[in-house]
Amino acid sequence: MHRLIPGIVFLLTLASCTAGVSGAEKRFEKKFSVQSGGTLWVNTDVGSITVTAGSNDEVSVVAVIRGSERELNRFEIAARQTEKGVEVTGQGGEHGGWLFWRSNNLDAQFTINVPRDYNLQLKTSGGNLDISSI
C-alpha cells in the first residue's frame with residue numbers, strides 16, 4: 001500500500017498542473033485596405049503563420065490562440081497599417097520573446113490573406129510557415 005502513495009501523489013500533482021491548460025481561446029481579426037507591392041511584417045513569439053494570396057487589395061489577419069487563461073492574458077496581438085504595408089506582432093506580454101521557452105501549452109495560428117503581389121517578412125520563434133500563391 002505504501003508503494004502506491006508516491007504514484008498517487010504524482011498523478012494528483014500532474015492532474016492539478018494540467019487542469020485548464022488548453023481550455024481557453026483568444027481570437028483576433030483585422031482587415032486593411034492596401035495596394036499591391038506593399039510588405040507584410042509578422043513577428044511573433046510563438047505560433048504558425050499561413051499566408052495566402054488573394055485577388056483583392058486587402059490584408060486580412062486572423063489569429064487564434066489557445067492555452068490557459070493566464071497565458072492568453074499575457075500574449076498580446078497587434079496589427080497596424082504603415083505607409084509601407086502591414087505589421088503584425090504577437091508577444092508574450094511583459095516577458096517578451098521567452099514565452100516560447102517557458103510554455104509548451106500556448107498554441108497560436110496566424111492566417112493572413114494578402115494581395116498576390118505583396119512582399120513578406122515573417123518571423124516566429126515557435127511554429128511553421130506556410131506560404132502559397134505569392
Side-chain angles (χ1 to χ4, degrees):
M1 179 69 175
H2 292 289
R3 291 182 185 172
L4 292 176
I5 292 175
I8 292 171
V9 170
F10 173 76
L11 290 175
L12 290 174
T13 303
L14 182 62
S16 68
C17 289
T18 60
V21 163
S22 61
E25 180 176 289
K26 180 193 234 182
R27 186 173 181 90
F28 176 90
E29 295 184 46
K30 204 150 191 186
K31 292 183 181 184
F32 302 95
S33 293
V34 298
Q35 294 186 357
S36 293
T39 301
L40 169 69
W41 290 274
V42 179
N43 186 0
T44 182
D45 292 346
V46 64
S48 294
I49 304 169
T50 301
V51 180
T52 58
S55 58
N56 57 5
D57 289 335
E58 180 178 87
V59 171
S60 168
V61 179
V62 176
V64 178
I65 301 89
R66 293 178 184 91
S68 70
E69 285 288 336
R70 182 178 178 201
E71 290 171 322
L72 292 180
N73 289 335
R74 286 184 181 165
F75 193 76
E76 297 178 14
I77 299 175
R80 69 182 187 97
Q81 190 163 9
T82 69
E83 61 184 48
K84 295 184 179 182
V86 174
E87 292 180 4
V88 179
T89 58
Q91 296 180 325
E94 63 202 49
H95 301 289
W98 293 102
L99 177 68
F100 174 73
W101 297 108
R102 285 193 331 273
S103 172
N104 295 333
N105 300 322
L106 193 67
D107 177 47
Q109 175 63 53
F110 292 82
T111 304
I112 305 171
N113 191 25
V114 299
R116 191 168 304 283
D117 182 24
Y118 220 66
N119 301 300
L120 305 176
Q121 290 194 4
L122 310 174
K123 179 184 174 195
T124 179
S125 295
N128 297 319
L129 297 176
D130 183 19
I131 302 164
S132 61
S133 302
I134 303 294

Distance (rounded to the nearest 0.5 Å) between [X] [atom1] and [Y] [atom2]:
{"X": "Arg80", "Y": "Glu87", "atom1": "CZ", "atom2": "CD", "value": "4.0 Å"}
{"X": "Ser33", "Y": "Asp57", "atom1": "OG", "atom2": "CG", "value": "8.5 Å"}
{"X": "Arg116", "Y": "Thr52", "atom1": "CZ", "atom2": "OG1", "value": "9.5 Å"}
{"X": "Phe75", "Y": "Arg70", "atom1": "CZ", "atom2": "CZ", "value": "16.0 Å"}
{"X": "Glu71", "Y": "Asn73", "atom1": "CD", "atom2": "CG", "value": "10.0 Å"}

Could you tell me which non-hydrogen atom of [X] sits nearest to which non-hydrogen atom of [Y], and how far apart they are?
{"X": "Ala53", "Y": "Ser133", "value": "CB-O, 2.8 Å"}
{"X": "Ser68", "Y": "Ala24", "value": "C-CB, 4.3 Å"}
{"X": "Gly54", "Y": "Asn113", "value": "N-OD1, 3.3 Å"}

Establish whether [X] and [Y] are linked, either directly or via other cluster members, by ILVMFWY side-chain heavy-atom contacts under 4.5 Å.
{"X": "Val51", "Y": "Val64", "value": "no"}
{"X": "Val62", "Y": "Ile49", "value": "no"}
{"X": "Phe32", "Y": "Val42", "value": "yes"}

Fill in: Set of residues satisfying side-chain hydrogen bond (donor to acceptor under 3.5 Å, both in side chains) with respect to Ser60, sequence neighbours excluded
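Partners of Ser60 under the side-chain hydrogen bond (donor to acceptor under 3.5 Å, both in side chains) test: none.
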
Practice prompt. Could you list the residues that satisfy side-chain hydrogen bond (donor to acceptor under 3.5 Å, both in side chains) with Gln109, not counting sequence neighbours?
Written response: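 By the side-chain hydrogen bond (donor to acceptor under 3.5 Å, both in side chains) rule, Gln109 matches Thr50.
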
Worksheet item: So, do Leu122 and Ile131 sit near enough that their side-chain heavy atoms are less than 4.5 Å apart?
Response: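 Result yes, sub-4.5 Å side-chain heavy-atom pair found.
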
Set of side-chain contact (heavy atoms from CB on, under 4.5 Å) partners for [X], sequence neighbours left out:
{"X": "Lys84", "value": "Trp41, Thr82"}
{"X": "Ala78", "value": "Thr89"}
{"X": "Ala63", "value": "Phe28, Ile65, Ile77, Phe110"}

Worksheet entry | From Val59, Asn119, Val34, Asn56, residue fulfilling side chain to side chain contact (heavy atoms under 4.5 Å, CB included) relative to Val114 |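 Of the listed residues Val59, Asn119, Val34, Asn56, the side chain to side chain contact (heavy atoms under 4.5 Å, CB included) partner of Val114 is Val59.
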
Worksheet item: Can you check side-chain contact (heavy atoms from CB on, under 4.5 Å) on Leu72 and Leu106, steps first, answer last?
Response: CA-CA 8 Å; Leu72 292 180; Leu106 193 67; 3.9 Å; yes

Worksheet item: Please, which pairs that meet salt bridge (Lys or Arg N to Asp or Glu O under 4.0 Å) have at least one residue in residues 26-39, sequence neighbours excluded?
Response: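 Every pair satisfying salt bridge (Lys or Arg N to Asp or Glu O under 4.0 Å) with a residue in residues 26-39: Arg27-Glu29.
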
Fill in: Polar side-chain atom of Thr124 near backbone of Ser48 as donor-acceptor pair, under 3.5 Å
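No.
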
Discussion item. Could you check whether any side-chain N or O of Gln121 sits under 3.5 Å from a backbone N or O of Asn43, counting only pairs where one atom can act as donor and the other as acceptor?
Written reply: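 Looks like no, no N/O pair under 3.5 Å.
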
